[in-house]
Number of protein chains: 2
Amino acid sequence: MKRKVTLKQIAKELDVSISTVSKSLRDSPEISEETRLKVQAFAKLYNYKPNNIALSLKNRKTKTIGVIIPEIVHHFFSTVISGVESVANEYGYSVVVCLSNESFDKEVINMEMLANGSIDGFIMSLSKETQFKKDFHHINEVISQGMPVVMFDRITNEIFCDKVIIDDKQAAYEAVSYLIEKGRKQIALVTTADYVSVGKLRTDGYMKALADHDIAVNEKLIIRADDEIQCKQEVQKLLEQGAIDGVLAVNELYAVTIIKTANKMQIAVPEQLAVIAFTDGIISQYATPTITTVSQNGIKMGQTAAKMLIDRLEEEETEYSTAEQYTTEVIETNLIIRDSTN
Amino acid sequence: MKRKVTLKQIAKELDVSISTVSKSLRDSPEISEETRLKVQAFAKLYNYKPNNIALSLKNRKTKTIGVIIPEIVHHFFSTVISGVESVANEYGYSVVVCLSNESFDKEVINMEMLANGSIDGFIMSLSKETQFKKDFHHINEVISQGMPVVMFDRITNEIFCDKVIIDDKQAAYEAVSYLIEKGRKQIALVTTADYVSVGKLRTDGYMKALADHDIAVNEKLIIRADDEIQCKQEVQKLLEQGAIDGVLAVNELYAVTIIKTANKMQIAVPEQLAVIAFTDGIISQYATPTITTVSQNGIKMGQTAAKMLIDRLEEEETEYSTAEQYTTEVIETNLIIRDSTN
DNA sequence: AGATACGCCGAAAACGTTTTCGTGTTGAAA
DNA sequence: TTTCAACACGAAAACGTTTTCGGCGTATCT
């Protein structure tokens with residue numbers, strides 16, 4: 001078991017100073033070619049690699065990005081991580097992932113843990129509980145310490161930082177409009193509680209689409225479901241009443257639940273009921289019928305967020321940071337037409 | 001923008017030495033109560049938190065676990081991460097995730113990057129390319145430097161380290177046996193190339209089940225598909241010949257592809273074709289019909305791997321490490337019966 | 001009174017780097 | 001021969017901690 005070799009050991013072995021070794025390895029012109037080559041050869045032989053921790057301490061930067069998300073077992077969030085990871089790596093950054101499990105406390109703990117020197121900046125999406133409590137002190141804390149934060153998807157306007165989102169309202173608007181154009185007249189919206197930021201926006205888009213097409217909003221057709229069971233029950237009621245011929249579900253799980261419910265009631269999808277889901281994921285691609293979705297492009301969100309954060313980090317370096325202007329990038333969505341609409 | 005406060009700053013402010021501050025904050029009995037309380041109050045006021053990097057450098061350990069997986073946009077791997085994260089957090093460890101994207105080179109680069117002091121140990125699953133090349137020098141490298149490695153799921157016997165796997169052979173055996181018990185006689189196996197370690201084992205289990213039930217193995221019923229398109233084509237051929245009434249697919253995607261193919265050919269699942277998939281994930285739960293699966297319990301795999309690694313790390317601490325015995329934990333699988341079998 | 005003990009605190013080393021500055025040697029120019 | 005620049009290298013500080021050791025002042029014991 002040969003431990004990692006350090007500059008000091010090389011120096012001692014070669015009977016030169018640590019400085020000489022360091023300079024040699026960094027090809028400093030201060031060092032004679034003879035010494036330089038000798039040191040380099042020795043270092044290569046012993047497979048010397050500089051210690052990241054020591055570098056981090058010295059440079060006061062870690063080249064690491066912290067990502068905090070509510071859940072990783074969630075196709076959307078994994079795609080975001082995937083996107084973050086790709087551009088982070090491209091720029092020589094590592095990624096550390098922490099999960100809040102939708103819990104405020106865990107979100108706070110994780111942030112504090114990472115904020116103490118472990119990372120250079122954050123990319124995060126708020127937990128449900130945080131959105132509910134509207135308590136963002138932990139985020140303001142790290143920002144005020146000069147650590148850049150980029151929020152994505154589940155954001156809040158109460159925090160000033162860079163953000164990347166999709167235009168939830170517009171996306172919902174387009175989805176509902178599509179249903180209307182296809183001749184649907186009684187369109188339900190199945191969403192989550194309003195305190196989840198995206199839920200509210202999607203509801204707004206739904207309403208606007210109806211209004212623009214001169215369809216009256218029927219509050220009974222707006223279902224706020226906490227889980228799939230509730231979703232199923234509520235939708236079943238509406239279907240029994242023959243009250244709907246189209247539905248926009250706020251996520252894939254709800255959409256597939258709705259389709260299954262309809263099937264069980266001998267209601268054909270898409271003939272009698274057209275379904276569109278937010279969040280394009282695996283399920284929509286493999287459900288029967290395949291589901292028309294609003295694609296969120298998590299990869300691109302992740303890539304954009306990472307790029308914004310890294311720009312912020314490198315800009316800081318050059319201390320030009322009078323440009324304290326935060327920006328919000330909007331990632332375009334698009335409707336992926338599949339078999340659950342016609 | 002108030003930068004994080006350090007011991008040095010507190011010391012200067014309070015006109016004591018750095019040592020005194022450090023000791024006060026760690027409740028050392030060396031320090032008088034008066035000084036101690038004064039320092040603690042001041043530290044609390046300025047929200048002092050020790051710098052992790054400095055601690056890592058001093059203690060030569062980072063309290064961080066490195067996880068390298070082939071893909072994160074994959075339900076199984078995300079559940080594993082989720083499991084790792086939960087027990088890591090419980091023991092005060094962070095998790096940094098790197099993706100190999102099934103590429104050997106990226107796997108090597110990521111490992112070398114993390115191995116230089118960034119983490120205390122690895123949890124990893126081999127990329128396809130690595131399994132194909134059978135080049136494990138990068139893993140042996142870190143192990144020989146005294147860094148513990150735990151491999152899970154996609155492992156190799158050529159590396160000596162702790163491992164956590166499922167009994168792929170046994171699981172396949174049980175799945176096929178179940179099909180046979182349900183009266184299926186012509187059972188196909190749809191798998192991947194044999195160099196993927198789990199592929200080989202599952203094939204073995206399939207063969208053994210047939211043999212134990214006195215059914216001759218028909219090589220034509222063993223399909224090695226590189227992707228879903230190939231899977232579809234091959235299965236379609238078999239179905240046209242009426243050659244099969246049951247199938248074990250090595251993953252969910254293949255299973256759902258097979259079901260869709262059958263549906264299109266007016267072949268009823270499960271009546272005319274029973275389907276079982278390896279890897280219980282989202283798709284199986286929401287496909288139509290829902291799919292009977294071999295559950296892999298990624299969460300538990302992750303938890304077990306994390307526990308093994310942490311045990312290894314803390315054991316090292318006490319330098320009792322004569323126990324250089326590596327163990328392999330086998331996570332039990334179970335068949336989740338759904339609607340694709342009867 | 002002198003020796004001893006103890007309470008309280010600071011200096012310094014260590015972790016592994018990078019970098020600035022200083023210093024000794026050499027050779028050439030004056 | 002003196003002066004000076006160029007060259008090659010080393011010492012030391014710095015990043016932020018923890019911890020060992022030593023020291024000083026006061027109180028206690030003989």
Side-chain angles (χ1 to χ4, degrees), chain A residues 3-40 42-43 46-64 113 115-120 145-147 317, chain B residues 3-40 42-43 46-64 113-120 145-146 317:
Chain A
R3 279 227 110 67
K4 295 227 63 148
V5 61
T6 68
L7 289 186
K8 192 194 281 191
Q9 291 167 27
I10 298 181
K12 185 194 276 186
E13 207 75 26
L14 260 45
D15 205 38
V16 293
S17 76
I18 297 181
S19 334
T20 305
V21 178
S22 176
K23 288 172 191 165
S24 298
L25 295 178
R26 324 199 90 244
D27 281 324
S28 160
E30 271 187 61
I31 305 296
S32 71
E33 182 164 354
E34 191 194 341
T35 313
R36 192 159 45 79
L37 293 180
K38 187 177 63 178
V39 171
Q40 288 177 352
F42 192 90
Y46 281 83
N47 193 26
Y48 170 80
K49 296 270 167 48
N51 180 308
N52 286 331
I53 297 293
L55 286 180
S56 295
L57 184 58
K58 178 127 218 353
N59 302 331
R60 277 122 128 252
K61 70 175 100 130
T62 60
K63 284 278 191 177
T64 302
M113 179 172 206
N116 296 320
S118 302
I119 62 167
D120 295 340
Q145 282 168 4
M147 182 169 288
E317 207 143 312
Chain B
R3 277 228 114 63
K4 295 226 64 151
V5 62
T6 68
L7 289 187
K8 192 193 282 193
Q9 291 166 27
I10 298 182
K12 185 193 277 184
E13 208 73 27
L14 261 44
D15 205 38
V16 292
S17 76
I18 297 181
S19 335
T20 304
V21 177
S22 176
K23 287 172 190 165
S24 298
L25 294 178
R26 325 198 90 245
D27 279 325
S28 160
E30 271 187 63
I31 305 296
S32 72
E33 184 166 352
E34 190 194 339
T35 312
R36 192 158 46 78
L37 293 180
K38 186 176 65 179
V39 171
Q40 289 177 351
F42 193 90
Y46 279 83
N47 193 25
Y48 170 80
K49 296 270 169 48
N51 180 306
N52 285 332
I53 297 293
L55 286 180
S56 296
L57 184 57
K58 178 126 219 352
N59 301 332
R60 277 120 131 257
K61 69 175 96 136
T62 60
K63 283 279 191 176
T64 303
M113 179 173 207
L114 293 183
N116 296 321
S118 302
I119 62 168
D120 294 340
Q145 284 168 3
E317 207 144 311

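What you see below is based on every heavy atom in this structure, not just the backbone, and it leaves out hydrogens, waters and symmetry mates. Proteins get letters first, then strands, A, B, ... in listed order; numbering begins at 1 in each.
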Examine [N]: is either OP1 or OP2 under 4.0 Å from a nitrogen or oxygen in the side chain of [X]? Give yes or no.
X: Arg60(B); N: dG16(C); answer: yes
X: Ser32(B); N: dC9(C); answer: yes
X: Thr35(B); N: dC9(C); answer: yes
X: Ser19(B); N: dT19(D); answer: no
X: Arg26(B); N: dT19(D); answer: yes

Notebook entry, point to check: Taking for each residue the nucleotide of DNA chain C bearing the nearest heavy atom, is the 5' side occupied by Asn59(B) or by Glu33(B)?
Noted result: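 The answer here is Glu33(B).
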Next item on the list: Could you pick out which residue, Lys23(A) or Leu57(A), lies toward the 5' side of DNA chain C when each is mapped onto its nearest nucleotide?
Entry: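 Nearest nucleotide further toward 5': that of Leu57(A).
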Distance in angstrom units between [X] [atom1] and [N] [atom2], rounded:
X: Asp15(B); N: dC8(C); atom1: CG; atom2: P; result: 19 Å
X: Asn51(A); N: dC15(D); atom1: CG; atom2: P; result: 18 Å
X: Lys4(B); N: dC15(D); atom1: NZ; atom2: C1'; result: 16 Å
X: Leu14(A); N: dG10(D); atom1: CG; atom2: C1'; result: 15 Å
X: Asn52(A); N: dT18(C); atom1: CG; atom2: P; result: 11 Å
X: Leu25(B); N: dT18(D); atom1: CG; atom2: P; result: 8 Å
X: Leu7(B); N: dA11(C); atom1: CG; atom2: C1'; result: 15 Å
X: Tyr48(B); N: dG16(D); atom1: OH; atom2: C1'; result: 7 Å

Checklist line | Donor-acceptor pair, side chain of Asn52(B) and main chain of Met113(A), under 3.5 angstrom | finding: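 The answer is yes, because a donor-acceptor pair under 3.5 Å joins these two groups.
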Check: Judged by atom type as modelled, is there a donor-acceptor pair below 3.5 Å linking the side chain of Asn51(B) to the main-chain atoms of Ile53(B)?
Finding: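 Present.
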Checklist line | Base dC9(D) paired with Glu30(A) side chain (donor-acceptor, <3.5 Å) | finding: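 It does, because a donor-acceptor pair links the side chain of Glu30(A) to the base of dC9(D) below 3.5 Å.
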Margin query: Determine whether a donor-acceptor pair (one donor, one acceptor, N or O, separation below 3.5 Å) exists between the side chain of Lys8(A) and the base of dT17(C).
Written below: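 Such a pair does not exist between side chain and base.
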Check: With a non-hydrogen cut-off below 4.0 angstrom, is Ser22(A) in contact with a base, only sugar-phosphate, or nothing?
Finding: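 Contact class for Ser22(A): base.
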Margin query: Students often get this wrong, so: under 4.0 angstrom with heavy atoms, is Leu55(B) touching a base, only sugar-phosphate, or nothing?
Written below: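 Here Leu55(B) touches the backbone only, sparing every base.
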Next item on the list: Report the residue (Thr20(A) or Lys49(B)) whose heavy-atom-nearest nucleotide on DNA chain D is the more 5′ of the two.
Entry: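 Looking at the nearest nucleotide for each, Thr20(A) comes out on the 5' side.
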Checklist line | Distance, nearest 0.5 Å, that separates CZ of Arg60(A) from CZ of Arg3(B) | finding: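 CZ of Arg3(B) is found 7.0 Å from CZ of Arg60(A).
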Next item on the list: Identify the heavy atoms of Ser22(A) and Leu7(A) that sit nearest to each other, and give their distance.
Entry: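 Heavy atoms only, the tightest pair is CB-CD1, 3.9 Å.
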Notebook entry, point to check: Can you tell which of dT18(C), dT20(D), dC15(C) lies closest to the side chain of Lys58(B)?
Noted result: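 Of dT18(C), dT20(D), dC15(C), dC15(C) is nearest to the side chain of Lys58(B).
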Check: Among the nucleotides dC21(D), dT17(C), dT17(D), which one has an atom lying closest to any side-chain atom of Ile18(B)?
Finding: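 Of the options given, the side chain of Ile18(B) lies nearest dT17(D).
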Item checked: Residue of the set Asp15(B), Thr35(B), Leu14(B) for which side chain to side chain contact (heavy atoms under 4.5 Å, CB included) holds with Thr20(B) ->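 Considering Asp15(B), Thr35(B), Leu14(B), a side chain to side chain contact (heavy atoms under 4.5 Å, CB included) with Thr20(B) is found only for Thr35(B).
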Check: Is the closest side-chain heavy-atom distance between Val16(B) and Val21(B) below 4.5 Å?
Finding: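 When only atoms from C-beta onward are counted, Val21(B) and Val16(B) do touch, with a gap below 4.5 Å.
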